[in-house]
Amino acid sequence: MIKNLVFQCFDAFFLLAFSPLVIGIIRKTKARFLLKQGPSLLQPYYDLMKLFRKEVTLPDSASWLFKATPYVVFTFSWLAASLVPTFSTNLLFSKTADLIAIVALLGTARFFLSLAALDAGTSFGGLGSSRESLIASLAEPAMIMIIFTIALVAKSTDLSAISTFMISGQAGLRVSLWLALASLVLVAIAENGRIPVDNPATHLELTMIHEAMILEYSGKYLALLEVASQLKIVLYLSLVAAVFFPFGMSTMGSGISSFFIGLFTYIAKIGLGASMLGFFEILVAKMRLFKIPNFLGAAFMLALLATVLLFVSRSL
Amino acid sequence: MNHNLYFDITHMLAGSMLLVSFVLLYQDRMFSLLNVYTVHALVLAAAAAWQGFVQQAPHLYATAVIALVFKAIAIPLTLRWLIVKLAIHREIEKVVGSGISVIAGFFLTALSITVMMKASGGTDPMTREDLSFALAVVLIGLLMMAGRRNAISQVVGFMSMENGLILAAVGAKGMPLVVEISVAFSVLVALIVIGIFLFRIRERFDVVDIRGLEKSGGER
């Protein structure tokens with residue numbers, strides 16, 4: 001029990017420390033493929049340290065909600081990220097919350113962020129929050145369908161059980177899982193505001209979504225929100241790794257060597273995923289805002305098709 | 001386990017065909033439509049070859065080769081040549097938006113699965129599977145023909161419909177090779193006829209050009 005708690009805490013703090021590096025990897029990959037030197041891999045850490053030292057300026061019109069939101073968003077994102085099995089299955093928290101709970105946590109965080117963006121009373125905040133709601137209302141049905149598909153295959157919504165099932169190789173060669181993977185990647189891109197949907201690197205008022213919502217934040221509040229969004233990227237990468245590529249994961253209670261193997265394969269998997277994300281981002285251009293429903297419609301279509309195919313093969 | 005793997009691969013190939021049908025429905029550029037159609041034909045060839053292996057029926061390999069040579073190579077190249085030759089507008093005009101047609105495609109898929117599951121009870125699971133997906137592919141091809149104004153994309157819809165028929169045929173045991181070959185050739189003939197029609201339509205368009213209408217001013 002105590003050992004399990006220690007591992008769970010290690011997992012949570014490891015994610016917290018690791019997630020800025022993932023952003024660094026994505027940026028470095030993008031820069032390298034554009035034949036630029038790019039900032040150092042540690043640059044996100046420096047940025048966060050700088051933000052934590054800066055003074056906070058608050059809009060006059062902001063209420064308590066504006067100050068509370070960064071803590072809420074950060075806590076919920078961190079909690080959700082530590083619920084996903086990373087290097088090991090059957091950690092302490094994994095019994096308390098399943099995949100649907102993780103989606104609910106992220107949804108709550110998003111709800112608060114949208115409220116806070118409206119709270120400041122600027123036009124950009126309102127714009128960002130309405131756009132974010134548009135994306136969320138389209139991405140969440142797709143996510144729920146993905147969860148249905150995975151849960152139908154693994155007969156559980158518990159992520160540890162899903163990973164264990166996938167490691168055991170009983171899933172076989174199912175087209176539904178490939179469709180669910182493709183759909184999950186699309187949803188993850190939209191949810192994290194990566195390039196075809198939102199460009200995290202610009203503050204161009206016509207296109208920004210996430211940046212528009214956090215435009216009024218500064219200092220430590222901005223730093224907390226930045227960490228939260230970094231944790232969210234790591235969460236989705238770990239989710240893909242845990243459900244679809246769970247090899248090398250250790251189980252709670254096995255030896256220390258399997259723990260290290262699990263940790264190193266996890267870091268390798270996330271690093272690879274981050275570089276693939278960076279590579280994908282230089283290949284595509286940001287799409288128009290009104291194209292996003294089509295993009296997420298494709299994700300929903302894939303997930304629905306996955307469920308239908310699964311239903312057919314089950315009913316035979 | 002072995003049988004299970006066979007079933008999984010059949011399921012995957014048939015499911016991929018359905019997926020590619022949806023992707024076809026979703027396209028709004030002419031050349032990407034042709035590329036996706038090529039993928040459609042390639043998946044069909046793979047499905048036919050796989051069925052040939054599973055059923056140990058060598059003539060299905062012939063079907064696969066026909067699909068590969070005619071449908072994945074000859075037809076897309078011809079259509080591409082037609083597009084370039086006729087300088088057709090590269091964007092596809094749709095009667096309804098891609099979102100609505102994809103949703104309609106889903107209803108058709110659900111319909112065909114429901115119908116086929118009821119109709120083909122008691123037969124081999126692989127056959128049932130292939131049949132239900134094949135019907136869905138056929139119906140989506142029909143939907144594509146109904147939902148597009150452009151002649152080339154209607155041709156692609158027609159060809160994908162025919163691919164669905166072949167998928168049904170390779171899944172159901174015992175389709176003679178003669179039928180297979182004659183179907184393939186009739187599709188080629190259809191392509192030629194459609195090609196000639198396209199040229200005729202083009203000629204007619206040149207006569208009733210929109211500029212000619214502007215010049216006459218119309219009657220009010």
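Proteins get letters first, then strands, A, B, ... in listed order; numbering begins at 1 in each.
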Problem set entry | Inter-residue atom distance A/L310.CG - B/H11.NE2, 0.5 Å rounding | 6.5 Å
For this session: Any pair with a residue in residues 136-157 of chain A that passes ring pair (Phe, Tyr, Trp, His ring centres under 6.0 Å), sequence neighbours left out, goes on the list, sorted by first then second residue, please.
Result: none
Exercise. Just checking heavy atoms, which of residues 275-304 of chain A are less than 4.5 Å from chain B?
Worked result: A/K291, A/N294, A/F295, A/A298, A/M301, A/L302, A/L304
Exercise. For B/S101, what residues pass the side chain to side chain donor-acceptor pair (under 3.5 Å) criterion, not counting sequence neighbours?
Worked result: none
For this session: Below 4.5 Å from any heavy atom of chain A, which atoms of B/I113 appear? Answer side chain, backbone, both or neither.
Result: side chain
Problem set entry | Exceeds 12 heavy-atom contacts within 6.0 angstrom, atom CZ of B/F53 | no
Seminar exercise, completed: B/D130 meets the side chain to side chain donor-acceptor pair (under 3.5 Å) criterion, sequence neighbours left out, with B/Q51
Seminar exercise, completed: Rounding to 0.5 Å, atoms CG (A/L309) and OG1 (B/T109) come to a distance of 9.0 Å
For this session: Looking only at non-hydrogen atoms, find the nearest pair between A/L305 and B/F106 and report the distance.
Result: N-CZ, 3.7 Å
Problem set entry | CZ (A/F111) with more than 12 external heavy atoms under 6.0 Å | no
